[in-house]
Amino acid sequence: VEIPEKLQQIMKHEGVVAIATHGQDGPHLVNTWNSDLQLTGDGCLLIPAGGMHHTETNLAFSNRVLLTLGSREVQGQHGPGAGFLVEGTAEFLPSGPDFAAIKAARPWARAALAIHPDSITQTL
Ligand SMILES: Cc1cc2nc3c(=O)[nH]c(=O)nc-3n(C[C@H](O)[C@H](O)[C@H](O)COP(=O)(O)O)c2cc1C
């Protein structure tokens, strides 16, 4: 799945990203900032995990994730404000090149949360 240019524009503006997982105790929601996201050459989204222990536990139960992000500063389908829903799978990377890229930008990260999108839908 190719990362749309519009999503890359959103990453250049600040906003809150929501990342939903599910586990034995049901759905779970965490956040990062738009400006903390990184893209890999092969179309994955990387997120710095400082906490996210519950999220990590959930991913061992099911690797399915949902992610939403948006920005009022980017032109959307109905005027100012654009956003996306990303559906895919995720994994924790505590080492390797993707972790090194995240760690260089956010030294507090204990791992990179890598999202592999199956579908990317513009919702606004
Ligand atoms: C706006 C915002 C940004 C956040 N950014 C991060 C982040 O980049 N990395 C992180 O590990 N936690 C971040 N958090 C905290 C997580 O949402 C989460 O509560 C925490 O990591 C614990 O995760 P867990 O419930 O999966 O254990 C952020 C919270 C908010 C409200």
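Atoms within each ligand, like the ligands themselves, are counted from 1 in listed order.
- Using a 4.0 Å cutoff on heavy atoms, H28 counts as a contact of ligand 1.
- For the pair V30 and ligand 1, the shortest N or O to N or O distance does not fall below 3.5 Å.
- Counting only distance, with no hydrogens or angles, the side chain of E14 and the backbone of S35 share a donor-acceptor pair below 3.5 Å.
- Annotation for Q24: atom CD does not count as buried by contact number, only 12 or fewer foreign heavy atoms lying within 6.0 Å.
- Between the D36 side chain and the P48 main chain, no donor and acceptor come within less than 3.5 Å of each other.
- The closest donor-acceptor contact from the side chain of R110 to the backbone of G50 lies under 3.5 Å.
- In summary, the atoms of ligand 1 found under 4.0 Å from a heavy atom of A49, numbered by their order in the structure, are 11 (O).
- Ligand 1 places these atoms under 4.0 Å from at least one heavy atom of H54: 24 (P), 25 (O), 26 (O), 27 (O).
- Close N/O approach between M52 and ligand 1 is found [any backbone or side-chain N/O within under 3.5 Å].
- Separating the CD1 atom in I115 from the CD atom in E87 is a distance of 12.0 Å, to the nearest 0.5 Å.
- In the hydrophobic cluster analysis, where Ile, Leu, Val, Met, Phe, Trp and Tyr join through side-chain heavy atoms closer than 4.5 angstrom, L39 is grouped apart from L46.
- Between T32 and ligand 1, at least one pair of N/O atoms sits closer than 3.5 Å.
- Distances below 4.0 Å separate heavy atoms of D36 from the following atoms of ligand 1: 8 (O).
- Geometrically, ligand 1 and G51 share a nitrogen or oxygen pair separated by less than 3.5 Å.
- If you check each of G23, S35, P48 against atom 9 (N) of ligand 1, the one with the closest non-hydrogen atom is P48.
- The distance from ligand 1 to the heavy atoms of H53 drops below 4.0 Å at these ligand atoms: 24 (P), 26 (O), 27 (O).
- Counting heavy atoms from C-beta on, the side chains of L29 and T21 never come closer than 4.5 Å.
- Exactly one residue among V65, I3, I120 makes a side-chain contact (heavy atoms from CB on, under 4.5 Å) with V86. That residue is I120.
- Within the set I102, N31, L113, T57, the minimum heavy-atom distance to atom 14 (N) of ligand 1 is found for N31.
- When each atom of ligand 1 is checked for a heavy atom of G50 under 4.0 Å away, the hits are 9 (N), 10 (C), 11 (O).
- Contact annotation: for T55 versus ligand 1, heavy atoms closer than 4.0 Å belong to both the backbone and the side chain.
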